[in-house]
Protein chains: 2
Amino acid sequence: MTPARRPTLADVAKAVGVSAKTVSRVLNEDGPSSAETRKRVLAAVAELGFQPNLMARSIRVGGPDTTVGLVVPDLSNPFFGAVASGIEEVVDDRGLMLLMGSSQDDPGREHTLTQTFLARRVSVLMVVPSVGADHTHLKAPRAAGMPVVFIDRPGSGLTTDTVVSSNRAGARTGVARLIAGGHRRIGFVGDLPTRLYTRRERMAGYREALAEGGLPYDRRLVASAHHPEGSAEATARLLALPDPPTALLAGNNFMTLGVISELARAGRKDIAVVAFDDLPMAESLQPGLTVIAQDPKTLGVSAGRIALRRMDGDRSRAQTLTIPTRLIPRGSGELPALNGVRSGV
Amino acid sequence: MTPARRPTLADVAKAVGVSAKTVSRVLNEDGPSSAETRKRVLAAVAELGFQPNLMARSIRVGGPDTTVGLVVPDLSNPFFGAVASGIEEVVDDRGLMLLMGSSQDDPGREHTLTQTFLARRVSVLMVVPSVGADHTHLKAPRAAGMPVVFIDRPGSGLTTDTVVSSNRAGARTGVARLIAGGHRRIGFVGDLPTRLYTRRERMAGYREALAEGGLPYDRRLVASAHHPEGSAEATARLLALPDPPTALLAGNNFMTLGVISELARAGRKDIAVVAFDDLPMAESLQPGLTVIAQDPKTLGVSAGRIALRRMDGDRSRAQTLTIPTRLIPRGSGELPALNGVRSGV
DNA sequence: ATGAAAGCGCTAACAA
DNA sequence: TTGTTAGCGCTTTCAT
């Protein structure tokens, strides 16, 4: 059997015995219509299971689609899930939906995705830029009225609204805490690539704190990894140094998993840890994990608000909004520098 | 200044001095075109920053939109992020994108979302059904060729492809493990509402295991909560019973957070725990958390594969696919029933 | 209060 | 190899 064709406005019109325009009027509460016609039209709509074709509507009206295009590196990363949730919360009231795609942090994929979004005439484009991606192709659409917002990292080749976390200050605060606890050798386990904006900023904050504490920067105390497994290995290497760190800064949620896992495996309860990003069971670890919490939902909410303002005609200068991070002390960052006392300068 | 209008196919055609159809041919690699024209067309496209309007295309071609509509309860829940990621992985090759919306487990919102998706003519509709939601309105579109897949829970009022986890067997295996360890009083901390499919199934598995182990079902050992905080309180109540459980089954990831948090707070290392859903730091807890791991990504991948098969014309009977869960022993489920020996029958 | 005709941006079908 | 015409499903404009 051939599948039943989806009914169109014309089908409804024919069924009722009126013109298509009349049906359109009833459904959109456009011009006037008699109670009688209205009733019969609605009956036919229900009867036929008619669904107006929103694409056809968009075409005719000429306006943009009712979607927000969002490019994230990884759909399964809870951080970006929270961002998406924040965006949705804000744009939902305006009838906008989320069209999402993941770039895998690949500039090529990111470009393909943004092009597709443009072709789909999204109302708003939001991007978590990949390292090495260029965004010059977004200039014209933006000039034509489509808001573009960068999230979590600045974009390149386009000046537009941007929402990021206070990465540098957060890292500095966390490391300062460790220094205040007496630690003098503090390691940093960061993610890759090292050119990644958040990595660079957190690294910068780490170095600032060291400088402020009068501690030397020792590049041997800095390790990097892609995955939790790599992070665990990196942690092991750091602890095997002749003059090992007594405290660690974990650079993001994945790095933290590796650091914690290795410390647990090695039974090293003496190593202080401050971690970037809060994690679900952080407070149930022993000791509890001291974190620099980001606020991904607020990143999304802010991005959404800015976009709506732009859609409402705000033509002011592009702004960069920095969402504060928050140090949550839970124990692991408050461990005294016992080893530090022994092996320090 | 009035924003520049986005260029259309006609604009490109005029700029090059050819017909619209020729431009269309070049861009879609439809019929033949001379190398010369092709070059000039592409130049003009780049020059004007032309982006074909995909919605107009869809309308003309008559086919569905190139999107997969996905309704999940909560975008920020990593479980559904993983599901989404699995779907995307599969449908990406076919040029399909994810259009997502969250229902907050509200049947009304779910209905609105699915209606919007229908109006947008999504190629595929995937839904994690809310308790109490009805899906009869999806019958016609499905008959008209739009695949509908239920994920994680069965839908209602529509027979269609469904992908779920082996909730019952998983729970049974987990509880059997505890019984094998000598536990005779085993509590269950489940989520709400109790009518939720996954909750019911896991509860059923819990009871099956008790029965198989020759243990009585004691409803006082069953507690429920919405949030981790509630789960923590529920756990405390269970442990305060005159004849308290010596082991607990945590019903999902949020419940687990509460259980673990309360046990840590109370310093109860003697309570055995098996938890539904794996969690990032489960192995770093002390003892490591024994879990019944679901495979949300595979849920998504399977749903995607089924949908593609349907799009390719598969008209076979609707199938229900059950994705296995996997018990991962890490210590917390292997604790001996010390209290059980003392206070058991 | 309702309808007829034109057109949104694009492509199928048929010429040339 | 290229162009012309018509039409997707809807809404705008202008009549009636």
Side-chain angles (χ1 to χ4, degrees), chain A residues 4-42 44-45 48-66 116 118-122 141 144-145, chain B residues 4-42 44-45 48-66 116 118-123 141 144-146:
Chain A
R5 193 176 51 85
R6 310 271 281 267
T8 76
L9 203 65
D11 295 328
V12 177
K14 195 186 300 174
V16 182
V18 295
S19 78
K21 178 61 207 178
T22 300
V23 178
S24 168
R25 262 195 281 257
V26 169
L27 292 179
N28 298 313
E29 291 171 0
D30 199 13
S33 55
S34 77
E36 174 60 17
T37 354
R38 190 158 43 245
K39 196 174 65 183
R40 290 172 53 211
V41 164
L42 293 177
V45 163
L48 298 177
F50 169 74
Q51 283 283 351
N53 187 325
L54 281 186
M55 295 193 293
R57 180 174 213 286
S58 282
I59 279 251
R60 179 66 255 237
V61 176
D65 190 20
T66 55
T116 307
L118 292 182
R120 298 188 57 95
R121 300 295 189 267
V122 295
Chain B
R5 192 175 53 86
R6 308 271 281 267
T8 77
L9 204 65
D11 295 327
V12 178
K14 194 186 302 174
V16 182
V18 295
S19 79
K21 179 63 201 177
T22 300
V23 178
S24 168
R25 262 195 281 260
V26 170
L27 293 179
N28 296 313
E29 290 170 2
D30 199 12
S33 54
S34 77
E36 174 59 18
T37 354
R38 190 159 42 246
K39 197 173 67 182
R40 289 173 53 212
V41 165
L42 293 176
V45 164
L48 297 178
F50 169 74
Q51 284 284 349
N53 187 326
L54 279 187
M55 296 193 293
R57 180 175 212 286
S58 283
I59 279 245
R60 178 65 256 234
V61 176
D65 190 19
T66 54
T116 307
L118 292 183
R120 299 188 58 94
R121 299 295 188 266
V122 294
S123 289
M146 182 194 68

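Each chain gets a letter, A, B and so on, in the order its sequence line appears, and its residues count up from 1.
Considering only side-chain N and O atoms, A:S58 lies nowhere under 4.0 angstrom from the phosphate OP1 or OP2 of C:dC8. In this model, the phosphate group of C:dG3 is approached by a side-chain N or O of A:T22 to a distance below 4.0 Å at OP1 or OP2. The shortest distance between the side-chain N/O atoms of B:N28 and the OP1/OP2 oxygens of C:dT11 is below 4.0 Å. Under 4.0 angstrom from either OP1 or OP2 of C:dT11 there lies at least one side-chain N or O belonging to B:S24.
Across all strands shown, A:T37 has heavy atoms under 4.0 Å from sugar-phosphate atoms exclusively, and none from any base. At the heavy-atom level, B:S19 lies under 4.0 Å from base atoms of the strands shown.
In this model, a side-chain donor or acceptor of A:R25 finds a partner on the base of C:dG3 within 3.5 Å. A donor and an acceptor atom sit less than 3.5 Å apart, one in the side chain of A:R60 and one in the base of C:dG7.
Picking from D:dT2, C:dT2, C:dT11 the nucleotide with the shortest atom distance to the side chain of B:L9 gives C:dT11. For A:I59, the side-chain atoms get nearest to C:dG9 when compared with the rest of C:dG9, D:dC10, D:dT1.
The side-chain contact (heavy atoms from CB on, under 4.5 Å) with B:L9 is formed by just one residue from the set B:L27, B:T22, B:V45, B:N53; it is B:L27.
In this structure, B:V18 and B:V26 have side chains that are not in contact, with every pair of non-hydrogen atoms separated by 4.5 Å or more. B:K21 places a side-chain heavy atom less than 4.5 Å from the side chain of B:D30. Within the 4.5 Å cutoff, side-chain heavy atoms of B:M146 are placed close to those of B:L118.
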